[in-house]
There are 2 protein chains.
Amino acid sequence: MSERRSSLCNARIEYSPKLPISLRNGLCGVVIEKGAPTQSAADQEQIRALFPATYGAPVVTFSPGQSDVTEPLTIGVVLSGGQAPGGHNVISGIFDGVKSISEKSRVLGYLGGPSGLVEDNYIEITDDYINNYRNVGGFDMIGSGRTKLESEEQFAACANVARTRGLDCIVIIGGDDSNTNAAVLAEYFVREKVPCAVVGCPKTIDGDLKNEYIETPFGFDTACKTYAQMVGNIARDANSARKYWHFIKIMGRSASHIALEVALQTHPNICLISEEVEAKRMTLSQVVRDIADVVEARAEQGKRFGVAIIPEGLVEFMPDVKKLIAELNDSMVTLEKDLEKTERVSEKVDTVCRHISAESASVFRSLPESIQAQMLADRDPHGNVQVSLIETEKLLIDLVGKALAGQSKYEGKFKALNHFFGYEGRCAHPSNFDADYAYSLGYSAAVLAAHKLTGYISAISNLAMGVDSWMAGGVPTSMLMNIERRHGKDKPVIQKALVKLDGEPFKLFASHREEWAATESYIYPGAIQYFGPSELCDCITKTLELDSAPSTTTTTPPVKAAG
Amino acid sequence: MSERRSSLCNARIEYSPKLPISLRNGLCGVVIEKGAPTQSAADQEQIRALFPATYGAPVVTFSPGQSDVTEPLTIGVVLSGGQAPGGHNVISGIFDGVKSISEKSRVLGYLGGPSGLVEDNYIEITDDYINNYRNVGGFDMIGSGRTKLESEEQFAACANVARTRGLDCIVIIGGDDSNTNAAVLAEYFVREKVPCAVVGCPKTIDGDLKNEYIETPFGFDTACKTYAQMVGNIARDANSARKYWHFIKIMGRSASHIALEVALQTHPNICLISEEVEAKRMTLSQVVRDIADVVEARAEQGKRFGVAIIPEGLVEFMPDVKKLIAELNDSMVTLEKDLEKTERVSEKVDTVCRHISAESASVFRSLPESIQAQMLADRDPHGNVQVSLIETEKLLIDLVGKALAGQSKYEGKFKALNHFFGYEGRCAHPSNFDADYAYSLGYSAAVLAAHKLTGYISAISNLAMGVDSWMAGGVPTSMLMNIERRHGKDKPVIQKALVKLDGEPFKLFASHREEWAATESYIYPGAIQYFGPSELCDCITKTLELDSAPSTTTTTPPVKAAG
């Protein structure tokens with residue numbers, strides 16, 4: 001096999017992920033402590049009504065001790081949604097956990113995401129098989145998929161699978177939506193007397209699945225470090241050549257956690273935070289003006305170069321662009337035929353602008369033709385503009401260039417290059433932190449399964465303190481929920497965590513950004529290191545560090561909404 | 001300082017680069033062995049006439065021994081052209097080398113590239129200063145620039161600087177052109193009796209500065225490993241999600257060395273090699289057809305995903321696109337005014353197509369509008385199309401999509417994402433190989449300087465064998481030259497090394513590509529490791545390994561030109 005693998009894969013496979021103290025004696029050596037009954041984050045009555053069987057369950061914590069667990073377990077495991085470094089480690093943790101009870105325990109890997117579960121499409125995970133995937137990136141051990149488990153038919157199919165395969169527990173490794181659906185499935189199983197627990201594990205590189213009980217999802221650490229490596233390398237290039245601006249869009253969906261973390265790791269001249277843009281109700285032209293001001297001020301110092309980080313979801317947080325997108329979504333379905341009449345973007349734009357508000361038409365006409373083309377061409381199956389495909393980094397370069405050209409102070413052409421990082425980070429080999437954390441989450445999920453705890457999400461806390469201080473346990477998923485209106489319906493969901501403007505990570509950024517804008521305070525993190533001194537290999541994200549620290553870092557006044 | 005630096009920078013700064021045995025006793029412990037007089041690679045009479053003073057000098061090799069070097073040296077150093085990992089190490093090697101003779105030795109760092117030398121704009125490099133830059137990426141220690149040293153006025157200014165500052169040697173760290181110009185400057189200095197040697201160091205990530213004596217330029221190793229990390233991560237994402245093709249363009253100017261090396265490290269489904277496209281005279285539509293065939297064949301196996309690597313310079317190697325670009329370059333200057341009359345790309349295209357050949361017009365019209373816009377908008381100061389800005393990766397996605405849509409066999413939309421990697425690799429922290437190699441090149445340049453050898457390029461050989469077997473020395477730059485016609489004039493230049501289709505790296509690739517196309521043989525190299533087991537930290541590129549190995553690897557017949 002080794003010739004088929006890189007040297008790093010071979011080395012990582014030999015790595016032994018670290019577990020919290022409570023999990024170091026196998027599943028038979030863990031005892032459960034239950035706290036008081038819990039309540040949901042908000043909308044308690046509605047959530048209780050939706051989860052009559054599983055609502056109010058206690059938070060559980062694990063300690064070393066002699067347990068009464070003796071029976072082998074059969075666990076079904078599903079990877080749901082986008083890849084995140086550590087997915088294979090969660091499965092390894094579950095595998096090693098249940099095997100610590102008995103060699104007769106089994107782990108069935110459902111293939112290609114939740115649809116594999118519905119269709120009973122699985123492989124049995126063996127020692128030999130899993131040993132190829134320990135501590136390495138990707139979800140390719142069993143694949144992933146984006147099917148949502150939401151309908152009664154799907155739940156019934158899952159119940160059938162659970163009974164047929166004798167599953168003691170289904171572990172769903174996913175983001176906020178997947179964990180919500182896992183809780184709904186858990187409730188369904190209790191109601192339908194399916195003797196199978198359902199447990200979730202918090203996964204997403206985007207960092208938006210976190211709260212009082214989930215300090216960070218796994219994958220965020222590695223993805224951010226990978227993007228920070230790239231951004232740092234580009235910043236060093238900018239600072240060496242001193243002739244280009246680099247506009248770098250970074251994945252992260254709506255939330256700007258990744259952009260913020262990468263900024264804290266690299267100190268770019270500019271980093272936009274969507275949540276701040278929204279709070280200040282900044283329009284596209286205001287955002288452009290702010291960027292142009294920094295570019296101009298640096299040019300006055302003879303510095304016609306720099307680095308700007310742009311969060312993926314930015315455009316949706318600007319009120320004028322948001323309105324434009326909404327109007328495009330409304331109008332394009334009816335205009336489809338008219339738009340097909342010509343290949344020429346400019347003619348399509350003319351057609352569309354006759355059918356949207358004057359304000360939106362003006363915004364649309366201000367966009368470069370390539371962006372107009374993209375917004376018209378790339379639509380999802382419902383005919384909606386695919387916001388994630390909008391090349392915001394190019395859009396801003398174009399508009400900043402135009403804004404500067406209108407200035408007498410800025411001479412010559414604005415030279416900027418664009419980059420987008422996303423797919424580079426989702427399947428990186430997990431950092432030691434993510435390897436340990438994801439493995440511990442899996443191991444912890446196995447403990448929950450062994451104790452027939454259902455509707456829980458596996459949780460490891462005290463993450464900023466080093467593995468010896470980590471606390472393992474589980475949190476009732478219903479406890480993390482509130483009711484949100486989605487597609488015109490009230491739905492129980494885990495609150496998505498956006499960047500808090502009064503949180504320590506943002507405040508630290510805000511207190512430094514003016515200095516970073518004017519100077520070259522760049523930090524060059526370089527490639528993730530897995531071997532070597534601990535301060536190099538075991539460091540955590542700034543976000544986790546700051547979220548976990550007592551509030552002392554800042555003297556910045558709170559952000560005010562503009563005009 | 002340490003708070004201003006990443007943990008990895010702090011750790012790397014402590015690294016001691018390894019030297020070949022002959023250089024381990026300081027400059028006073030090196031003796032020079034001179035070989036027989038040499039000849040240029042070709043065009044001997046012309047080159048001899050152009051380099052009367054420096055032509056024919058012997059290759060020199062270094063051995064341990066007692067030398068008569070005792071006087072302190074003053075060296076001027078210049079970084080020329082694009083960044084490459086290891087630049088700071090070359091300077092550190094020079095610094096430590098000359099300081100090994102005497103603490104009174106000095107190194108002057110000329111700022112911002114060759115223009116800094118012409119303008120006598122420098123900083124004196126001190127112990128404290130250089131210690132911030134040891135073994136870390138970037139050229140920011142003294143900056144770089146693209147000014148070419150070509151004119152008599154520049155040479156005279158350099159002579160003046162050399163005399164005024166008492167320089168014993170100027171070391172120019174650069175690619176093929178910069179090293180050529182260094183040799184011309186050396187010749188000028190001898191002729192004008194300027195008592196200053198000029199020595200070159202072979203730098204470029206592109207890998208195109210290599211020959212019998214220069215086994216590889218520094219920077220290629222680290223850059224390729226950085227791109228391979230990214231490509232591997234994306235390949236794993238493709239193989240996990242199984243829903244997208246990823247088209248990845250990779251820097252490297254004309255030569256496809258980087259693309260080929262990254263392919264050998266990652267085993268993508270497709271990798272285009274410009275040199276092969278040229279040898280087979282493949283048109284754009286043929287290249288598109290070949291890619292579409294692989295996409296289609298994979299789709300028939302249910303695999304609607306994959307990874308394709310595209311070398312940066314590809315379009316210039318396709319005869320039809322090359323012709324189009326030449327015609328655009330010719331016609332656009334005269335059409336400038338007409339083109340400015342409209343903002344609309346489609347109208348500009350109509351205008352241009354009336355002024356170019358029907359064949360080129362047909363190629364131009366076949367391109368997506370965004371590419372047409374780019375070719376019309378982004379022109380260099382001479383009005384020429386900037387080939388490096390053409391988004392070949394998007395172009396191919398668009399055309400492959402259209403080719404597949406015309407097929408009955410391929411159902412549904414071709415889903416592909418595009419990436420471009422370049423700036424991410426040029427300033428990465430040098431791998432151990434590049435750190436050692438670049439440091440040794442610098443140290444070796446200091447030896448050449450101490451022995452007043454001018455018109456040489458620093459050379460380390462036996463690189464595939466481990467540092468203990470490395471041989472240090474110098475090669476007369478004129479020996480690497482031939483005459484090429486550039487802009488209508490005969491010029492002495494170092495031959496640019498393109499990928500050889502009968503070379504071992506290409507043959508190994510060619511012998512596997514059909515297998516890689518059909519399967520998921522991906523290798524996931526992951527991040528460069530600087531600490532840990534030697535097979536992880538000290539590995540060399542496949543290109544260097546195969547170029548250095550006896551020819552045994554392949555059974556593939558040589559490539560034939562098509563049609």
Side-chain angles (χ1 to χ4, degrees), chain A residues 4-9 11-12 79 82-83 87 112 136-140 143-145 226 229-230 232-237 239-242 246 265 343-347 369-370 373 417 419-420 423-429 520-521 523-533 535-536 539, chain B residues 4-9 11-12 79 82-83 87 112 136-140 143-145 226 229-230 232-237 239-242 246 265 343-347 369-370 373 417 419-420 423-429 520-521 523-533 535-536 539:
Chain A
R4 286 274 171 197
R5 284 201 297 248
S6 70
S7 310
L8 183 57
C9 282
R12 289 307 285 164
L79 291 164
Q83 283 76 248
V136 298
F139 276 12
D140 43 314
S144 184
T226 304
Q229 172 197 357
M230 298 295 118
N233 287 359
I234 287 171
R236 192 144 214 169
D237 204 289
N239 196 24
S240 298
R242 302 175 88 86
H246 293 266
Q265 288 189 29
E343 277 286 297
R344 304 191 162 193
V345 176
S346 50
E347 290 175 15
E369 197 169 279
S370 62
L417 301 169
H419 311 264
F420 169 49
Y423 296 91
E424 296 79 359
R426 311 195 315 172
C427 286
H429 300 310
E520 296 74 52
S521 301
I523 301 283
Y524 313 115
I528 294 178
Q529 296 300 297
Y530 303 93
F531 306 91
E535 64 273 20
L536 198 59
C539 54
Chain B
R4 286 272 171 200
R5 284 200 298 249
S6 70
S7 312
L8 183 58
C9 283
R12 288 309 283 164
L79 291 164
Q83 283 75 248
V136 298
F139 276 11
D140 43 313
S144 184
T226 303
Q229 170 196 358
M230 296 297 118
N233 287 359
I234 288 172
R236 193 145 214 168
D237 204 290
N239 197 22
S240 297
R242 304 176 86 86
H246 293 266
Q265 287 189 30
E343 276 287 296
R344 305 192 161 193
V345 176
S346 51
E347 290 174 15
E369 197 169 278
S370 62
L417 300 170
H419 311 264
F420 168 50
Y423 296 91
E424 296 79 0
R426 311 194 315 172
C427 286
H429 300 309
E520 296 75 51
S521 301
I523 301 284
Y524 313 116
I528 294 179
Q529 296 300 299
Y530 303 92
F531 307 92
E535 65 272 21
L536 199 57
C539 53

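Here is the naming used below: chain letters follow the sequence lines, and residue numbers restart at 1 for every chain. Treat the numbers as computed from the prediction; the structure is a model and nothing was measured.
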Engineer: Check Thr226(A) against Asn233(B) and note the closest heavy-atom contact, atom names and distance.
Structural biologist: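 Answer, listing the atom of Thr226(A) first, then Asn233(B): CG2-ND2, 4.2 Å.
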Engineer: Below 4.5 Å from any heavy atom of chain B, which atoms of Glu424(A) appear? Answer side chain, backbone, both or neither.
Structural biologist: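 Backbone plus side chain of Glu424(A), per the 4.5 Å heavy-atom cut-off to chain B.
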Engineer: Could you give the distance from CG (Asn239(B)) to OH (Tyr524(B)), rounded to the nearest 0.5 Å?
Structural biologist: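 The CG atom of Asn239(B) sits 4.0 Å away from the OH atom of Tyr524(B).
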Engineer: Please rank Arg242(B), Gln529(B), Met230(B) by heavy-atom pairs under 4.5 Å with chain A and give me the top one.
Structural biologist: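 If we count pairs closer than 4.5 Å to chain A, Gln529(B) comes out on top.
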Engineer: Chain B heavy atoms under 4.5 Å from Tyr530(A): which part of the residue, side chain, backbone, both or neither?
Structural biologist: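 Both parts, backbone and side chain.
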Engineer: If you tally heavy-atom pairs under 4.5 Å against chain B, which of Glu347(A), Gln265(A), His246(A), Arg344(A) wins?
Structural biologist: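 Top option by heavy-atom pairs under 4.5 Å: Arg344(A).
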Engineer: Might you point out which heavy atoms bring Ser240(B) and Cys427(A) nearest each other, and give the distance in Å?
Structural biologist: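 The answer is OG-SG, 4.1 Å.
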Engineer: Identify which of Ser144(B), Pro525(B), Cys9(B) forms the greatest number of heavy-atom pairs closer than 4.5 Å to chain A.
Structural biologist: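 Among Ser144(B), Pro525(B), Cys9(B), the one with the most close pairs to chain A is Pro525(B).
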Engineer: At their closest point, which heavy atom of Val345(B) faces which heavy atom of Glu369(A), and how far apart are they?
Structural biologist: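 Here Val345(B) and Glu369(A) meet closest at CG2-OE2, 3.1 Å.
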Engineer: Looking at Gly112(B), Ala241(B), Ala235(B), Gly82(B), which has the largest count of heavy-atom pairs under 4.5 Å with chain A?
Structural biologist: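 Maximum pair count with chain A is reached by Ala241(B).
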Engineer: Looking at CZ of Arg5(B) and CD1 of Ile523(A), how far apart are the two atoms once the value is rounded to the nearest 0.5 Å?
Structural biologist: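 One finds 9.5 Å between CZ of Arg5(B) and CD1 of Ile523(A).
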Engineer: Looking at His419(A), Arg12(A), Gln83(A), which one has more heavy-atom pairs under 4.5 Å with chain B than the rest?
Structural biologist: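 Of the candidates given, the most pairs with chain B belong to Gln83(A).
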Engineer: Considering only heavy atoms and a distance below 4.5 Å, find which of Gly532(B), Ser370(B), Gly137(B) pairs most often with chain A.
Structural biologist: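 The answer is Gly137(B).
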Engineer: Between Ser346(B), Ala527(B), Gly145(B), which shows the greatest number of heavy-atom pairs under 4.5 Å with chain A?
Structural biologist: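 Option with the greatest count: Ser346(B).
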Engineer: Specify which of Glu535(B), Glu520(B), Arg426(B) makes the most heavy-atom pairs with chain A at under 4.5 Å.
Structural biologist: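 Of the options given, most contacts go to Arg426(B).
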Engineer: Is Leu79(B) close to chain A through its backbone or its side chain, or both, or neither, when contacts mean heavy atoms under 4.5 Å?
Structural biologist: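 Neither; nothing under 4.5 Å.
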Engineer: Which bit of Ser521(B) comes within less than 4.5 Å of chain A, counting heavy atoms only: side chain, backbone, both or neither?
Structural biologist: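 Ser521(B) touches chain A through backbone and side-chain heavy atoms alike.
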Engineer: Can you tell me how far the CD1 atom of Ile528(A) sits from the CD1 atom of Ile528(B), to the nearest 0.5 Å?
Structural biologist: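 One gets 13.0 Å once the value is rounded to the nearest 0.5 Å.
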Engineer: Checking Ala11(A) against chain B: side chain, backbone, both or neither under 4.5 Å from a heavy atom?
Structural biologist: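 For Ala11(A), the contact with chain B is made by the side chain alone.
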Engineer: Under a 4.5 Å heavy-atom cut-off, does chain A meet the side chain of Gln229(B), its backbone, both or neither?
Structural biologist: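 Only the side chain of Gln229(B) comes within 4.5 Å of chain A.
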